[in-house]
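The analysis underlying the following values was restricted to heavy atoms, covering all of them including side chains, and did not include hydrogens, waters or symmetry mates. A quick note: this is a predicted structure, and the numbers were derived from the prediction, not measured.
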Amino acid sequence: MITTRAETIALLGGTGKEGQGLAARFAAAGFDVVIGSREAEKAVASADALAARIPGSRVRGCVNPTAAQAGDLVVLCVPFDRAAALLDECRALWKEGCVVVDTTVPLRFDASGVSVLDLPEPCGSEHLSKHLPDFVPMVAAFKTISAHTLGEIEKPLDCDLIVCGNDAGGKARVIGAAATFAGLRPLDGGPLRHARAIEAMCALAIGLNRRYKAKSARFRVVGV
Ligand SMILES: NC(=O)c1ccc[n+]([C@@H]2O[C@H](COP(=O)([O-])OP(=O)(O)OC[C@H]3O[C@@H](n4cnc5c(N)ncnc54)[C@H](OP(=O)(O)O)[C@@H]3O)[C@@H](O)[C@H]2O)c1
């Protein structure tokens with residue numbers, strides 16, 4: 001039987017690879033899950049498929065702005081270069097007490113491999129946080145766990161998750177939600193600017209996966 005959790009998780013761009021993996025983990029952990037998309041029909045189809053895959057789960061789909069209004073934790077799962085515009089679109093819609101969880105990574109792919117884009121701010125999450133009203137905290141999380149790994153819901157994640165944010169309460173709620181995922185140990189990574197490190201770790205994981213022909217490179221911190 002699935003445990004019932006109090007918070008609703010909305011995933012903007014939840015029809016995509018990372019969003020579907022996270023939605024599956026949250027749904028299996030007992031959260032109400034809302035899949036957001038630019039297209040309502042696509043969101044509903046994606047939600048229905050996930051609900052059928054996880055019996056007893058509660059998953060629904062709608063357009064991104066409606067999902068943003070519904071979420072207690074709103075997870076940003078669109079490509080980094082689309083994320084600021086989506087946050088601007090949702091600016092007047094956030095409800096009091098919600099937290100935006102940033103999974104996006106500002107990556108550049110070229111002949112030399114994958115690297116993190118240079119931005120005026122210390123990291124992508126700091127850049128995107130400027131597109132939120134002051135009362136909505138941003139927390140960076142899940143950037144180092146691949147969609148492939150998340151999607152294999154029958155397997156424990158067997159790794160750590162470093163969570164960064166400036167709002168202690170918001171960060172604690174994301175850590176609490178992530179701790180419900182089988183085999184995942186969330187760790188407080190400090191302020192949001194430290195997401196620079198986890199964005200670099202994402203690039204590192206992609207490179208490791210390529211060189212070792214793997215799909216699930218991820219990280220474990222020892223000594224804490
Ligand atoms: N894939 C991974 O393993 C992984 C790991 C860590 C972090 N991430 C991060 O997670 C985010 C999503 O990655 P992904 O691999 O899931 O990407 P994706 O599958 O290519 O796209 C995710 C969703 O974004 C929406 N989208 C695409 N283009 C858009 C646009 N122009 N405007 C608005 N929405 C658009 C689409 O939803 P609709 O068409 O339904 O609107 C799509 O399903 C990225 O920022 C990535 O850096 C990914």
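At least one donor-acceptor pair under 3.5 Å links the side chain of Arg218 to the backbone N or O of Leu157. Side-chain atoms of Asp158 do not come within 3.5 Å of backbone N or O of Gly183 as any donor-acceptor pair. A donor-acceptor contact shorter than 3.5 Å is absent between the side chain of Gln69 and the backbone of Trp94. Judged by distance alone, the side chain of Arg196 and the main-chain N or O of Glu126 form no donor-acceptor pair under 3.5 Å. Judged by distance alone, with hydrogens and angles left aside, the side-chain atoms of Asp102 form no donor-acceptor pair with the main-chain N or O of Val139 at under 3.5 Å. Not a single donor-acceptor pair under 3.5 Å links the side chain of Glu199 to the backbone N or O of Val105. Judged purely by atom type and a 3.5 angstrom limit, Arg211 has no side-chain atom pairing as donor or acceptor with the backbone of Ile206. Judged by distance alone, with hydrogens and angles left aside, the side-chain atoms of Arg58 form a donor-acceptor pair with the main-chain N or O of Gly30 at under 3.5 Å. The closest donor-acceptor contact from the side chain of Thr15 to the backbone of Ser46 lies at 3.5 Å or more, if one exists at all. Side chain of Lys95 to main chain of Ala70: a donor-acceptor pair is present (N/O by atom type, distance under 3.5 Å, no hydrogens or angles).
Closest of all the heavy-atom pairs between Asn64 and Gly13 is OD1-N, 3.1 Å. Of all heavy-atom pairs between Leu128 and Thr104, the closest is CD1-OG1, 3.4 Å. Contact detail for Gly19 and Cys77: the closest heavy-atom pair is CA-SG, 3.8 Å. Taking all atoms of both residues into account, the shortest heavy-atom contact from Leu119 to Pro106 is CD1-CG, 4.0 Å. The two residues Leu208 and Ala217 have their closest heavy-atom pair at CB-CB, 4.1 Å. Here the shortest heavy-atom pairing between Leu107 and Ala203 reads CD2-CB, 3.9 Å.
A single hydrophobic cluster is not seen to contain both Val174 and Val74; linkage of ILVMFWY side chains at heavy-atom distances under 4.5 Å, directly or through other members, places them apart. Residues Leu11 and Leu150 fall within the same hydrophobic cluster, defined by Ile, Leu, Val, Met, Phe, Trp and Tyr side chains chained together at heavy-atom separations under 4.5 Å. Residues Leu132 and Val75 are members of separate hydrophobic clusters, defined by side-chain heavy-atom contacts under 4.5 angstrom among Ile, Leu, Val, Met, Phe, Trp and Tyr. With hydrophobic clusters built from ILVMFWY side chains whose heavy atoms lie under 4.5 angstrom apart, Val99 does not share a cluster with Leu192. Cluster annotation: Ile145 is connected to Ile153 through the hydrophobic network of ILVMFWY side chains, with a link wherever side-chain heavy atoms come within less than 4.5 Å.
For the pair Lys171/Arg173, no side-chain contact is recorded, criterion being any heavy-atom separation below 4.5 Å from C-beta on. Side-chain atoms of Phe26 and Val59, non-hydrogen and from C-beta on, never get closer than 4.5 Å to each other. Counting heavy atoms from C-beta outward, Cys98 and Val136 have side chains that approach closer than 4.5 Å. In this structure, the side chains of Phe109 and Val114 come closer than 4.5 Å at one or more pairs of heavy atoms. In this structure, Arg25 and Leu184 have side chains that are not in contact, with every pair of non-hydrogen atoms separated by 4.5 Å or more. Using a 4.5 Å heavy-atom cutoff, the side chains of Ser57 and Val33 are not in contact.
Distance check, rounded to the nearest 0.5 Å: OG1 of Thr180 to CD1 of Ile175 gives 13.0 Å. Expressed to the nearest 0.5 Å, how far NZ of Lys130 lies from CG of Asp88 amounts to 13.5 Å. Interatomic distance, CD1 of Ile9 versus CG of Leu73, reported as 4.0 Å (0.5 Å rounding). For the atom pair Leu204 CG and Ser115 OG, the distance stands at 12.5 Å (nearest 0.5 Å). Separation of atoms CG (Leu87) and CE (Met138) is listed at 5.5 Å; rounding is to 0.5 Å. The CD1 atom of Ile198 lies 7.0 Å from the CD1 atom of Ile162; values are rounded to the nearest 0.5 Å.
Residue-environment remark: NZ (Lys215) stays at or below the threshold of 12 foreign heavy atoms within 6.0 Å. Within 6.0 Å of atom CG in Asp110, more than 12 heavy atoms from other residues, nucleotides or ligands are found, so the atom counts as buried in its surroundings. No more than 12 heavy-atom neighbours from other residues, nucleotides or ligands sit within 6.0 angstrom of CZ on Arg193.
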Decide yes or no on side-chain contact (heavy atoms from CB on, under 4.5 Å) for Ser129 and Glu121, but give the supporting numbers first.
CA-CA 10 Å; Ser129 70; Glu121 297 80 6; over 6 Å; no
Test side-chain contact (heavy atoms from CB on, under 4.5 Å) on Ile2 and Ile54 and set out the steps.
CA-CA 10 Å; Ile2 293 187; Ile54 306 172; 4.0 Å; yes
Any chance you could lay out the side-chain hydrogen bond (donor to acceptor under 3.5 Å, both in side chains) test for Lys155 and Ser216, step after step, and finish with the verdict?
CA-CA 12 Å; Lys155 293 186 185 170; Ser216 293; over 6 Å; no
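The aromatic rings of Phe181 and Phe142 sit parallel, their planes meeting at an angle under 30°, below the 60° perpendicular limit.
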